[in-house]
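Just so you know, residue 1 is the first one in the sequence shown, and it goes up from there.
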Amino acid sequence: MENQKKSSILLFVLFLILSVSSIAFGQLKTDFYKNTCPNVESLVRSAVRLKFQQTFVTAPATLRLFFHDCFVRGCDASMLLASPNGKAEKDHPDNLSLAGDGFDTVVKAKAAVDSDSKCRNKVSCADILALATREVVAMTGGPFYPVELGRRDGKISTLTSVQHQLPGEGFNLDQLNTMFARRGLSQTDMIALSGAHTLGFSHCNRVSKRLYNFNPKSSVDPTLNKAYVAQLKQMCPLRVDPRIAINMDPTTPNTFDNAYYKNLQQGKGLFVSDQILFTDSRSRNTVNFFASNNDAFKQAFATAMTNLGRVGVLTGNQGEIRFDCTRPN
């Protein structure tokens with residue numbers, strides 16, 4: 001009876017959280033700035049395109065920044081806030097590998113938006129990040145999807161708020177589903193968003209355990225493709241600089257496509273949390289479906305990005321419109 005009571009209370013609390021967040025994202029709309037900054041999308045697009053021409057890293061860095069921001073305190077651009085004493089979200093060990101080009105993309109897009117006198121200090125950094133993310137996805141071959149707008153910027157960014165809020169590279173399917181479900185995201189959303197690993201890179205220290213020290217029975221993770229193991233060991237020999245970069249997608253690392261899922265079918269997922277999507281029978285069908293149908297993946301990714309963009313948003317009079325994306329007003 002006591003357990004039943006606890007379960008009921010937990011369900012009620014979850015219901016309240018989801019109700020509050022659904023009210024908030026209900027205030028988001030694609031034409032939010034039609035009267036205040038009607039050309040916001042083209043202003044952001046031009047700035048992002050310019051940055052992308054300077055370095056390809058703009059794409060994976062911006063996409064990853066958006067994901068990390070939304071998973072910690074919701075999509076409120078709190079990941080962009082800097083702290084003089086190194087105590088902000090971006091200073092947490094889980095965020096130190098976020099490439100500076102992602103932050104720079106938002107700063108440059110914000111400057112472009114604010115250069116239009118009609119738009120100055122009218123568009124939130126959170127919305128600029130959401131728009132910039134859509135642009136880099138489209139620029140690399142991914143879907144061009146409508147972006148809901150109307151987010152406000154958070155005023156708080158703490159190191160401690162990041163703890164246990166981001167998926168780890170060693171997560172199994174249950175851990176992934178639990179973390180995503182807490183943010184109102186389904187297993188299909190989670191598998192589609194994992195497809196963002198079709199772009200970008202990681203570092204040797206993130207995969208060395210799978211190559212040299214997997215478990216007492218096997219030094220190498222048996223789910224890894226043997227040829228891929230040899231390739232990874234060549235790039236990441238023992239005692240190599242842990243910061244050496246390796247592509248997440250060994251086949252088409254600069255194209256947003258469904259190669260990520262085809263790689264999983266061959267045992268070429270870089271992280272345990274990637275490969276588990278294929279090795280676990282509960283998620284394998286979705287991986288096979290996305291691997292066989294690039295359009296279906298792109299559509300699912302666009303839907304998942306819309307759902308992700310609604311997580312924990314501040315709207316109405318909550319938060320603020322930051323004048324400088326790196327510090328509260």
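- The environment of N317 atom CG is sparse: at most 12 non-hydrogen atoms of other residues, nucleotides or ligands sit within 6.0 angstrom.
- Cluster annotation: F171 is connected to I191 through the hydrophobic network of ILVMFWY side chains, with a link wherever side-chain heavy atoms come within less than 4.5 Å.
- The cationic atom of R183 (NZ for Lys, CZ for Arg) lies less than 6.0 Å from the six-membered ring centre of F71 and within 45° of the ring axis.
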Quick one, R151 with D127, criterion salt bridge (charged side-chain N to carboxylate O under 4.0 Å, His left out). Give me CA distance, side-chain angles, the key distance, then yes/no. CA-CA 6 Å; R151 296 168 194 80; D127 278 346; 2.7 Å; yes

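- Of all heavy-atom pairs between T158 and S161, the closest is O-OG, 2.7 Å.
- For Q175 (side chain) and N172 (main-chain N/O), a donor-acceptor pair under 3.5 Å exists by modelled atom type.
- Clustering ILVMFWY residues whenever any of their side-chain heavy atoms sit less than 4.5 angstrom apart, transitively, puts V57 in a cluster other than the one holding V137.
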Worked check of salt bridge (charged side-chain N to carboxylate O under 4.0 Å, His left out) between K29 and E148: CA-CA 5 Å; K29 45 190 183 184; E148 295 176 337; over 6 Å; no

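- Between Y260 and F297, the gap from one ring centroid to the other reaches at least 6.0 Å.
- Counting heavy atoms from C-beta outward, V272 and F214 have side chains that approach closer than 4.5 Å.
- For CZ of R284, the number of neighbouring non-hydrogen atoms (other residues, nucleotides, ligands) closer than 6.0 Å is greater than 12.
- In the hydrophobic clustering of this structure, F52 groups with L131; members are Ile, Leu, Val, Met, Phe, Trp, Tyr whose side-chain heavy atoms approach within less than 4.5 Å, directly or through other members.
- When all heavy atoms are compared, the tightest approach of P143 to K298 is CG-O, 3.5 Å.
- Annotation for A192 and A304: closest pair CB-CB, 4.2 Å, computed over non-hydrogen atoms.
- Using modelled atom types, one finds no donor on one side chain facing an acceptor on the other under 3.5 Å when comparing H197 with D249.
- A donor-acceptor pair shorter than 3.5 Å can be found between the side chains of S186 and D189.
- The heavy-atom pair separating K108 from A47 by the smallest distance is O-CB, 4.0 Å.
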Y261/F289 under ring-ring contact (aromatic ring centres under 6.0 Å, His included): CA gap, chis, key distance, verdict: CA-CA 9 Å; Y261 302 101; F289 179 50; over 10 Å; no

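- Side chain to side chain, S115 and R120 fail the donor-acceptor criterion of an N or O pair below 3.5 Å.
- Residue Q299 places its CD atom among 12 or fewer non-hydrogen atoms of other residues, nucleotides or ligands, all under 6.0 Å distant.
- For the atom pair CG of D241 and SG of C204, the computed distance is 8.0 Å after rounding to the nearest 0.5 Å.
- No side-chain N or O of T306 forms a donor-acceptor pair with one of T303 less than 3.5 Å apart.
- Aromatic ring centres of F56 and F201: separated by at least 6.0 Å.
- Taking the ring axis of F271 as reference, the NZ or CZ atom of R210 does not stay both within 45° of it and closer than 6.0 Å to the ring centre.
- The nearest pair of heavy atoms linking L277 to L173 is CD2-CD1, 4.0 Å.
- Q265 and N288 are linked by a side-chain donor-acceptor pair at a separation below 3.5 angstrom, with hydrogens and angles left out of the test.
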